[in-house]
Amino acid sequence: MSLTFYWYPKCGTCRNAKKWLEEHNVAFQEIHIVEQPPSKEELRELYQKSGLELKKFFNTSGKKYRELGLKDKIGTASDEELLELLASDGMLIKRPLTTNGENVTVGFKEDEFEKQWL
């Protein structure tokens, strides 16, 4: 099954992840995370399948995250509120976000990609 690879082309980490997928001949469909961010329902599904805390889906080093003061809100917001926030702006989502429909990785760590996508 082909991967869905949500990425932001100007992001160095995303470019490294894309290069890794290409070098390992992993088929993927790329989606520009800012132009076509995943919907709230897609994010809910990815979150549930990932086994990660929802806060791991936030791009905590992003300008938008800091502008909105989300560091203080994440601890007290409900999952619904957090999913709404993530779906509202692709720049808030940690990237790349990669899935095959069953497994999900957030960000790029070579060893994690090897374990999940090879």
Side-chain angles (χ1 to χ4, degrees):
M1 179 177 197
S2 176
L3 295 181
T4 301
F5 180 72
Y6 289 97
W7 77 311
Y8 183 61
K10 292 180 182 171
C11 166
T13 303
C14 292
R15 289 194 305 269
N16 290 340
K18 181 180 181 194
K19 182 179 175 203
W20 187 94
L21 291 170
E22 290 168 346
E23 286 173 352
H24 290 83
N25 297 313
V26 178
F28 64 94
Q29 173 198 1
E30 60 187 64
I31 298 176
H32 193 298
I33 201 162
V34 177
E35 293 172 0
Q36 292 179 278
S39 69
K40 181 180 173 184
E41 289 314 311
E42 288 170 314
L43 285 162
R44 182 190 320 279
E45 195 173 312
L46 293 170
Y47 158 58
Q48 289 168 344
K49 288 180 177 178
S50 74
L52 298 169
E53 295 176 80
L54 193 49
K55 66 182 181 184
K56 297 279 187 200
F57 279 75
F58 281 88
N59 176 14
T60 57
S61 58
K63 185 175 151 192
K64 193 80 168 185
Y65 182 88
R66 289 191 305 274
E67 280 174 4
L68 296 173
L70 294 181
K71 186 177 138 194
D72 303 324
K73 296 177 186 166
I74 282 189
T76 57
S78 70
D79 283 0
E80 284 303 305
E81 291 168 319
L82 295 177
L83 287 165
E84 286 280 338
L85 269 169
L86 286 167
S88 73
D89 189 336
M91 290 302 273
L92 289 175
I93 302 170
K94 185 172 177 84
R95 54 192 185 260
L97 184 56
T98 312
T99 184
N100 63 1
E102 290 302 314
N103 301 320
V104 179
T105 55
V106 180
F108 174 61
K109 289 191 177 84
E110 208 168 308
D111 58 335
E112 202 175 317
F113 262 48
E114 260 174 49
K115 203 164 49 183
Q116 289 289 349
W117 311 129
L118 285 184

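A quick note: this is a predicted structure, and the numbers were derived from the prediction, not measured.
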Minimum heavy-atom separation for [X] to [Y], with atom names?
X   : Y    : result
Y65 : K71  : OH-CA, 3.5 Å
F57 : V104 : CZ-CG1, 4.5 Å
Y6  : R95  : O-CB, 4.4 Å
M91 : N59  : O-ND2, 3.4 Å
Y8  : H32  : CD1-CE1, 3.6 Å
K49 : G101 : NZ-O, 2.5 Å

[Y] and [X], any side-chain heavy atoms less than 4.5 Å apart:
X   : Y   : result
F28 : K18 : yes
T13 : P96 : yes
Y47 : D79 : yes
L86 : F58 : yes

task: Would you sort out whether E110 and W20 count as a side chain to side chain contact (heavy atoms under 4.5 Å, CB included), showing the intermediate values?
output: CA-CA 8 Å; E110 208 168 308; W20 187 94; 3.2 Å; yes

Could you grab the distance from atom [atom1] of [X] to atom [atom2] of [Y], nearest 0.5 Å is fine?
X    : Y    : atom1 : atom2 : result
L21  : F5   : CG    : CZ    : 5.5 Å
I33  : C14  : CD1   : SG    : 7.5 Å
K109 : K115 : NZ    : NZ    : 10.5 Å
E42  : L97  : CD    : CG    : 10.0 Å
L54  : Q48  : CG    : CD    : 10.0 Å
L70  : T60  : CG    : OG1   : 10.5 Å

task: Could you check I93 against V106 for side chain to side chain contact (heavy atoms under 4.5 Å, CB included), going step by step and ending with a plain yes or no?
output: CA-CA 9 Å; I93 302 170; V106 180; over 6 Å; no

query: Linking I/L/V/M/F/W/Y whenever any side-chain heavy atoms sit under 4.5 Å apart, do I31 and W117 land together?
result: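 No: no chain of side-chain contacts under 4.5 Å links I31 to W117.
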
- request: Count the heavy atoms of every other residue, nucleotide or ligand shown that sit under 6.0 Å from NZ of K40, and state whether that count exceeds 12.
  value: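 More than 12 within 6.0 Å, yes.
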
Donor-acceptor pair, side chain of E81 and main chain of S78, under 3.5 angstrom: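 Yes, because the side chain of E81 sits within donor-acceptor range (under 3.5 Å) of the backbone of S78.
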
- prompt: Between R44 (side chain) and L83 (backbone), is there a donor-acceptor pair under 3.5 Å?
  reply: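 Checking the backbone N and O of L83 against the side chain of R44, no donor-acceptor pair under 3.5 Å is found.
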
message: Closer than 4.0 angstrom, basic N to acidic O: yes or no for E22 and K19?
response: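 A salt bridge is absent here (no side-chain N lies under 4.0 Å from a carboxylate O).
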
- prompt: Looking at T98, L52, N100, T99, which hits side-chain contact (heavy atoms from CB on, under 4.5 Å) with T105?
  reply: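 The residue from T98, L52, N100, T99 that satisfies side-chain contact (heavy atoms from CB on, under 4.5 Å) with T105 turns out to be T98.
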
